[in-house]
Amino acid sequence: MATNGYEDGLKMIEELTTNAEQIQDEVLREILSRNAGTQYLRGFLHGQTQKQLFKKNVPIVTYEDLKPYIDRIANGETSDILLAEPVTAFYMSSGTSGGQPKLMPVTAEYHKKGALFETLIQYPAMRHFGDINQAGKRMELMFARPEIETPSGLKAASVSTSIYNGSKFRTILPKLYTSPIETIFCPDPNQGLYCQLLFGLIQRDEVVKVGSLFASTVLRGIKFLENHWQELCYDIKTGRLSDWITDSGCRNAASLIMKPNPEQADLIENICNCKSWEGIIRKLWPKARYIGCVCTGVMGQYTTELEFYCRGLPLVSALYASSEAVCGINLEPLCKPSDVSYTILPNMAYFEFLPVKNERDESIEMKSNDEDTELVDLVNVKVGQCYELVVSTCAGLYRYKVGDVLMVSGFYNNAPQVQFVERKNVILNVDQEKTSETDLSKAVTEAKALLDPLGFILTEYTSYVDTSSAPGHYVLFWEIKGKEGKHCEELDPKIMVECCSRMEESLHYTYKIYRKRNIIAALEIRVVKQGSFEALMDYCVSKGTSLSQYKKPNCIKSEEALKILDSRVTGKYFSPKSPL
């Protein structure tokens with residue numbers, strides 16, 4: 001990208017964040033002037049467009065409130081029951097409603113905002129890493145799912161699949177990415193992953209960025225590489241694709257790229273055939289400038305292991321967005337993942353913030369009655385306060401609760417900067433003690449610190465409440481990996497018992513009181529064998545989840561998912577005493 005384009009981009013970010021209040025008022029005015037006459041808003045606004053009336057009369061809603069309108073559009077009714085602009089497609093959220101993916105309307109205006117957002121997120125990284133579009137290629141792991149056609153004829157797809165289907169992406173793909181389009185749309189994610197890694201290794205001297213949408217996918221790719229590097233080297237050496245890759249698209253793509261290269265294969269083999277894989281990403285792709293992936297929120301648990309594999313390469317979490325709205329960008333890409341703040345861009349949607357009350361010292365508890373709580377405008381949020389994000393968009397969402405809890409960490413000019421805290425209502429709960437995602441993460445962080453000095457890493461975890469006996473208790477599934485050739489069998493069981501105790505000691509006061517009174521039984525850690533969480537991911541992908549959008553749940557709700565992990569348990573450990 002030309003220098004003046006870079007400077008213009010930074011200038012736009014400055015103007016947007018400086019004039020945040022004025023831009024927010026303009027965004028709301030435009031949404032209301034276009035849509036006040038729709039069936040949905042007419043019932044609250046009676047054709048009026050004043051901001052005060054909007055705030056007074058339009059209710060705060062969730063997906064379930066808007067679902068009947070969205071379903072009617074998907075089934076063929078005109079979109080003006082919810083929004084004036086024609087719906088051109090639907091985005092499928094990674095979340096579900098009644099077991100079905102949530103459908104989010106997409107319009108031409110929404111597409112324009114998304115395209116601008118994609119442009120703006122490049123500029124902070126360019127300041128530190130230069131224009132990677134001019135420097136080389138990206139080895140990004142990308143996975144598309146088939147589109148679904150709704151009864152209306154409108155297509156529904158994940159956000160990432162919609163991007164990969166776009167003519168702009170397909171035009172730039174051969175020049176900027178190592179993965180051919182056939183590997184992205186391969187119906188078998190394992191065949192697609194194998195081929196994307198293969199082509200990334202073949203073009204390793206051109207790669208200036210490694211990444212994926214989420215940190216979990218990058219990690220899956222590296223673990224897959226650990227298990228398949230010898231086979232990949234053989235394919236590079238012979239110039240022939242392994243027989244188990246049966247997808248015709250992948251085989252056709254390989255025939256255009258592959259030729260025997262024994263020197264490259266030997267180089268890669270020497271790198272991979274080492275005792276420790278610390279820094280392996282940097283060794284395999286020596287020109288890579290950074291790893292790009294979302295590594296905040298639930299993805300934060302993957303950063304320790306990713307940092308081991310990419311030793312010295314920055315982990316850059318560039319954006320905060322969802323299927324409902326694009327929201328913010330990271331203006332400081334070199335900061336540690338745990339310190340990332342996203343600057344909200346005021347032109348992307350109309351943002352309101354529902355205050356979140358601290359019910360106890362360390363945990364977050366939502367106020368129970370939204371109607372009793374005044375929503376705060378974008379420019380009026382307070383630093384240090386937590387809020388649930390509420391958005392109104394040009395695509396038919398009005399005062400819609402996204403479900404993310406954010407903490408305001410500061411301001412950039414007049415736009416707030418936020419840190420992702422947790423998804424609302426992702427909790428463990430035996431008897432109204434309400435342990436949040438944040439509570440759980442803090443306790444796991446304290447407990448896993450016992451493993452590191454002994455040469456072990458906690459690579460994955462999840463949880464559930466076991467109520468098969470009374471009283472119920474918390475169960476944590478841990479997948480542990482040894483560093484530098486260590487085997488998990490060498491881990492002293494006493495350390496795992498101590499991890500259970502450390503977790504209980506780190507949980508909130510209410511939990512500890514309930515444990516003392518035997519309202520909750522002893523916390524249990526079940527260690528699962530290597531690859532268990534990959535099996536869980538494979539199951540979710542087989543049920544229709546896009547690999548690009550997969551987020552491992554911090555709390556297991558599915559019986560099938562529970563069976564997958566339980567069948568792979570190698571050891572069970574319990575806290576020996578109450579934490580109080």
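Predicted model only: the values in this text are computed from it and were never measured. One-based numbering along the sequence shown. We use all heavy atoms of the structure for the numbers below, so side chains are in, but hydrogens, waters and symmetry mates are not.
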Which side-chain N or O atoms in residues 471-481 pair as donor and acceptor under 3.5 Å with protein atoms at least two apart or in another chain?
unit_1	atom_1	unit_2	atom_2	d
H473	NE2	E524	OE1	2.8
Y474	OH	E433	OE2	2.5
Y474	OH	T435	OG1	2.7
E479	OE1	S532	N	3.2
E479	OE1	F533	N	3.1
E479	OE2	G531	N	3.2
K481	NZ	E226	OE1	3.1
K481	NZ	Y309	OH	2.1

Report the distance from atom CG of L458 to atom CG of L450, rounding to the nearest 0.5 Å. 11.5 Å
Quick check: does any side chain N or O of E422 sit under 3.5 Å from a backbone N or O of E437, one acting as donor and the other as acceptor? yes
Which value, rounded to the nearest 0.5 Å, describes the distance between R282 atom CZ and I271 atom CD1? 13.5 Å
Min side-chain heavy-atom separation F351-V391 under 4.5 Å: yes
Decide whether a cation-pi geometry holds between K552 and Y461; the criteria are a distance under 6.0 Å from NZ or CZ to the six-membered ring centre and an angle within 45° of the ring axis. yes
Listed partners of T393 passing side-chain hydrogen bond (donor to acceptor under 3.5 Å, both in side chains), at least two apart: none
Taking Y63 for the side chain and L103 for the main chain, is one N or O donor matched with an acceptor at less than 3.5 Å? yes
So, R568 side chain and I564 main chain: donor-acceptor pair closer than 3.5 Å or not? yes
Side-chain contact, heavy-atom cut-off 4.5 Å: F574 with L523? no
Approximate separation, where rounding is to 0.5 Å, of E534 CD and E460 CD: 8.0 Å
Atom NZ of K102 and atom CD1 of I70: how far apart are they, to the nearest 0.5 Å? 10.0 Å
Using side-chain heavy atoms (C-beta onward) and a distance below 4.5 Å, is F143 in contact with L213? no
Can you see which heavy atom on G221 is nearest to which on L193, and at what distance? CA-CD1, 4.1 Å
Checking side-chain contact (heavy atoms from CB on, under 4.5 Å) against Y387, which of V405, V418, V408 comes through? V408
Separation of F308 CZ from T303 OG1 (nearest 0.5 Å): 14.5 Å
Do V465 and N429 have side chains that approach each other closer than 4.5 Å (heavy atoms only, starting at C-beta)? no
Taking the side chain as C-beta and beyond, is there a heavy-atom pair between L197 and W229 under 4.5 Å? no
Option among T438, T445, D439 that satisfies the side-chain contact (heavy atoms from CB on, under 4.5 Å) test with S441: T445
With sequence neighbours left out, the residues meeting side-chain hydrogen bond (donor to acceptor under 3.5 Å, both in side chains) with T161 are S158
Below 30° counts as parallel, above 60° as perpendicular, anything between as tilted: where do the rings of Y511 and H508 land? perpendicular
Whether R515 and E504 form a salt bridge (side-chain N of Lys/Arg under 4.0 Å from carboxylate O of Asp/Glu) is what I want to check. yes
Do the non-hydrogen side-chain atoms of Y464 and L562 ever get within less than 4.5 Å of each other? yes
I'd like to know if the side chain of S409 and the backbone of Q417 have a donor-acceptor N/O pair within less than 3.5 Å. yes
Taking side-chain hydrogen bond (donor to acceptor under 3.5 Å, both in side chains) as the test, write out the residues that go with D538, two or more places apart. R220
For R311, the side-chain hydrogen bond (donor to acceptor under 3.5 Å, both in side chains) test, sequence neighbours excluded, returns E278
Quick one about K516 and N518 (side-chain donor to acceptor, distance below 3.5 Å, no hydrogens or angles considered), yes or no? no
Looking at every heavy atom in both Q24 and P346, which two are closest together, and how far apart are they? NE2-O, 2.7 Å
Regarding E64 and K67, does a basic nitrogen lie under 4.0 Å from an acidic carboxylate oxygen? no
Closest approach of S323 to M92 (non-hydrogen atoms, all atoms of both residues): OG-O, 4.0 Å
Take M407 and V356 through the side chain to side chain contact (heavy atoms under 4.5 Å, CB included) test and state the conclusion after the steps. CA-CA 9 Å; M407 187 194 76; V356 169; over 6 Å; no
Which residues share a salt bridge (Lys or Arg N to Asp or Glu O under 4.0 Å) with D466, sequence neighbours left out: R526
Any ion pair linking K55 and D377 (charged N to carboxylate O, less than 4.0 Å)? yes
Under 4.5 Å between any side-chain heavy atoms of V444 and M503, yes or no? yes
Determine the minimum heavy-atom distance between S317 and V294, stating which atoms define it. OG-CA, 3.4 Å
Measuring from L331:CG to I121:CD1, what's the distance to the nearest 0.5 Å? 12.0 Å
So, for Y573 and P493, which heavy atoms are closest and what is the spacing to 0.1 Å? CE2-CB, 3.8 Å
Does any donor atom in the side chain of E324 or Y91 lie under 3.5 Å from an acceptor atom in the other side chain? no
Do K209 side-chain atoms and R289 backbone N/O form a donor-acceptor pair below 3.5 Å? no
Does a side-chain heavy-atom distance below 4.5 Å link T459 with K223? yes
